[in-house]
Amino acid sequence: MATVLLRNLTKRFKDVYAVRDLNLEIHDKEFISLLGPSGCGKTTTLNMIAGLEPPTSGQILIDDRPVTHVPAAKRDIAMVFQTYALYPHMTVFRNMAFALKIRKIPADAIEKQVKEAAEILGISALLDRYPRQLSGGQRQRVALGRAIVRNPKVFLLDEPLSNLDAVLRVQMRAELKILFNRLEATVAYVTHDQAEAMTMSDRVAVFRNGVLQQVDTPLNIYHAPANQFVAAFVGSPPMNFLDVTCDSKGALCLGDIQLQGPPDVDLRSHGGSLLTLGVRPEDVHLTGGDGVSGIIQVVEQLGASTLLYVKVQKSLIAVQTPGNMHVKVGDPQHIGFAPDRLYLFEGSEGKAIRTPGTG
Amino acid sequence: MYDERTSSLLNILNAATRVLVILLSLIVVSVPFVYLFLNSVKPPQEFLTVPPTIIPTHLTFEHYAAIFDPNQDTRSYFINSVVITVSTTIISVLIGSLAAFSLSRLKLPFRLSSLIAFAFLIVRFYPKITTTLPYFILMKDLHLLDTQIAVIVAHVSLTLPFVVWLMLTFFDELPRELDQSAMLDGCGPWQRFIQVILPLTTPALLTAAILTALLSWNEFLMASSVASSNAKTLPIAVSSFITDKGVQWGPMSAMSSVIVVPVMLFALFAQRYLVRGLTLGAVKE
């Protein structure tokens with residue numbers, strides 16, 4: 001397996017930067033997710049690693065060897081496409097054997113490798129079928145099989161689960177994790193689904209408008225986001241954001257309500273400035289009479305939990321409560337925030353000045 | 001509003017109209033062919049009667065005998081036609097599909113790909129007659145007049161734009177991921193084209209081949225300008241029955257019927273592919 005190093009990588013389409021000055025190291029045997037909304041540059045990054053898209057500037061190194069100008073065919077990289085891109089005129093066996101055949105590997109060795117890969121993925125019975133005769137999940141496995149049969153240096157996966165239905169997606173998520181653990185593979189996985197990124201990865205790289213925002217372990221991304229964008233993108237239901245002012249004594253005010261700020265930071269240096277307070281729905285709790293008062297606007301019964309949207313002044317705050325809550329729309333409700341679970345962001349970029357952290 | 005009787009009456013009227021329209025179209029298309037065939041088996045004297053007989057009083061195959069007479073050159077015209085049609089088809093489809101694939105996949109600066117593709121299209125815009133004379137002079141200067149090569153080159157130039165555009169549409173519709181997947185699997189451009197792209201465009205290739213072959217087999221204008229005797233094709237042979245001593249209606253009809261037969265057989269065999277090829281990609285599988 002291998003390491004991948006991206007150095008000052010930039011891709012520009014006319015005046016638009018798809019990827020901007022990206023520095024990222026993918027360690028040996030690491031599963032890294034490239035996460036972000038559509039158009040954030042994650043697929044372009046993957047295509048550049050694969051050699052399908054030449055970078056405008058910057059360098060790509062695989063195992064410390066510069067490959068920036070090496071054609072895709074010579075990089076020894078396997079990619080699983082969102083659309084699977086199976087060859088429609090070939091059987092599953094031939095689809096999986098194709099890359100080996102191009103590399104002139106002897107027929108008996110090809111057969112052995114394909115059968116092994118098919119065994120791992122549980123598609124041995126499908127080898128004689130054509131892609132059109134397969135279900136979405138089976139095609140997905142064949143696409144994976146086509147990648148793993150080659151034992152490449154790096155696996156690139158471009159939203160491989162997005163064409164599957166919800167149940168299958170969750171199931172494949174677990175299977176993929178087991179599979180790549182077992183292969184001890186270096187994997188770059190592109191997704192816009194934060195649940196996939198969080199559950200499968202060793203590290204997550206969050207992108208926005210072509211710029212890398214943060215690379216860290218899933219838990220650090222969740223509990224110690226670098227900025228407001230990362231905090232908002234990761235977590236479901238998403239984090240609540242409230243515009244607060246900080247007075248000269250370092251106290252936080254939501255309109256005319258004074259809130260208890262996080263205990264471990266001195267906010268006096270931010271006195272007089274506008275800050276954004278972040279709090280995750282699971283860190284908001286209902287109180288009998290303390291805290292902030294509001295009116296329940298929406299009640300979402302999810303079974304395991306109940307999501308309430310409480311209107312406090314002009315903001316709607318999501319509150320995650322137990323599944324057996326009996327409240328109704330229009331009820332007055334007091335809510336409180338755990339001070340040590342608060343996030344604070346400042347400036348137009350929303351840089352984090354306080355997060356709960358993982359410690 | 002409608003009771004059962006009026007609605008069933010309307011249905012019958014509807015069906016009748018449809019049948020009528022189809023019948024009329026069929027007559028318009030087939031009457032010339034039927035008349036051509038009847039003429040080819042009509043005794044010579046009946047062409048001169050006024051009014052002319054439509055149905056021959058008795059059948060005769062003397063005109064067929066005349067055109068297949070060993071002293072006639074029908075055999076060599078037929079061979080010319082076959083050689084020219086087959087060569088044109090192979091060359092056009094081969095070069096055309098390669099050009100289309102390159103145009104579809106190459107990223108040339110300044111939208112050059114679209115410009116080149118458009119240049120191919122322009123060739124189809126102007127009347128063929130405008131290039132006939134320059135083409136004649138060109139072939140004369142190259143000492144190629146009245147050779148099969150001259151006709152083949154002319155036919156390739158006529159059919160190539162059509163092949164390029166047909167194939168371009170198909171290649172453009174093939175997902176790029178298939179190319180990319182093949183690239184990552186280690187294929188060079190040729191391997192990609194031959195092992196991945198071509199097998200997927202077989203119906204389109206067949207359509208292009210069939211239409212090219214028909215065009216070349218039937219083409220008259222260019223062939224008549226550069227092939228006056230040795231390289232004469234069947235359509236030109238037909239026109240040579242119009243002489244200064246009058247028109248030889250019988251042999252002309254017989255020859256025309258003979259030309260049509262291979263086309264009809266070919267169309268019957270090919271229609272399955274034709275329809276598939278022309279509509280392929282229109283609806284997603």
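Note on naming: letters A, B, ... go to the chains in the order of the sequence lines (proteins, then strands), and numbering restarts at 1 for each one.
With a 4.5 Å cut-off on side-chain heavy atoms, A:Phe81 and B:Pro175 do not count as touching. Side-chain contact between A:Arg146 and B:Ser181 is present, with heavy atoms from C-beta onward closer than 4.5 Å.
The shortest non-hydrogen separation linking B:Cys187 to A:Ile102 is SG-CD1, 3.5 Å. Smallest separation of non-hydrogen atoms from B:Glu177 and A:Ala85: CB-CB, 3.5 Å.
Atom CZ of B:Phe220 is surrounded by more than 12 heavy atoms from other residues, nucleotides or ligands within 6.0 Å. For A:Arg20, the CZ atom sits in a loose shell: 12 or fewer heavy atoms of surrounding residues, nucleotides or ligands are nearer than 6.0 Å. Remark: B:Tyr135 OH is packed, more than 12 non-hydrogen atoms of other residues, nucleotides or ligands lying under 6.0 Å away. Within 6.0 Å of CD in A:Gln59 there are more than 12 heavy atoms belonging to other residues, nucleotides or ligands. Remark: A:Asp165 CG is packed, more than 12 non-hydrogen atoms of other residues, nucleotides or ligands lying under 6.0 Å away. For CG of A:Asp64, the number of neighbouring non-hydrogen atoms (other residues, nucleotides, ligands) closer than 6.0 Å is 12 at most. More than 12 non-hydrogen atoms from other residues, nucleotides or ligands lie less than 6.0 angstrom from CD1 of B:Ile79. Within a 6.0 Å sphere centred on CZ of B:Phe269, heavy atoms belonging to other residues, nucleotides or ligands number 12 at most.
Salt-bridge check for B:Asp185 with A:Arg150: passed, with a basic side-chain N closer than 4.0 Å to an acidic carboxylate O.
Going from atom CZ of B:Arg176 over to atom OG1 of A:Thr83 covers 12.5 Å, rounded to the nearest 0.5 Å. The line from CE of A:Met79 to CE of B:Met183 is 11.0 Å long, rounded to the nearest 0.5 Å.
Heavy atoms closer than 4.5 Å to chain A are found in both the backbone and the side chain of B:Gln180.
When the candidates A:Arg75, A:Lys101, A:His89 are compared by the number of heavy-atom contacts under 4.5 Å with chain B, A:His89 comes out ahead.
Remark: side-chain polar atoms of A:Tyr87 are not paired, donor with acceptor, to backbone N or O of B:Gln195 under 3.5 angstrom.
B:Leu184 pairs with exactly one of A:Asp76, A:Leu156, A:Leu52 by the side-chain contact (heavy atoms from CB on, under 4.5 Å) rule, that one being A:Leu52.
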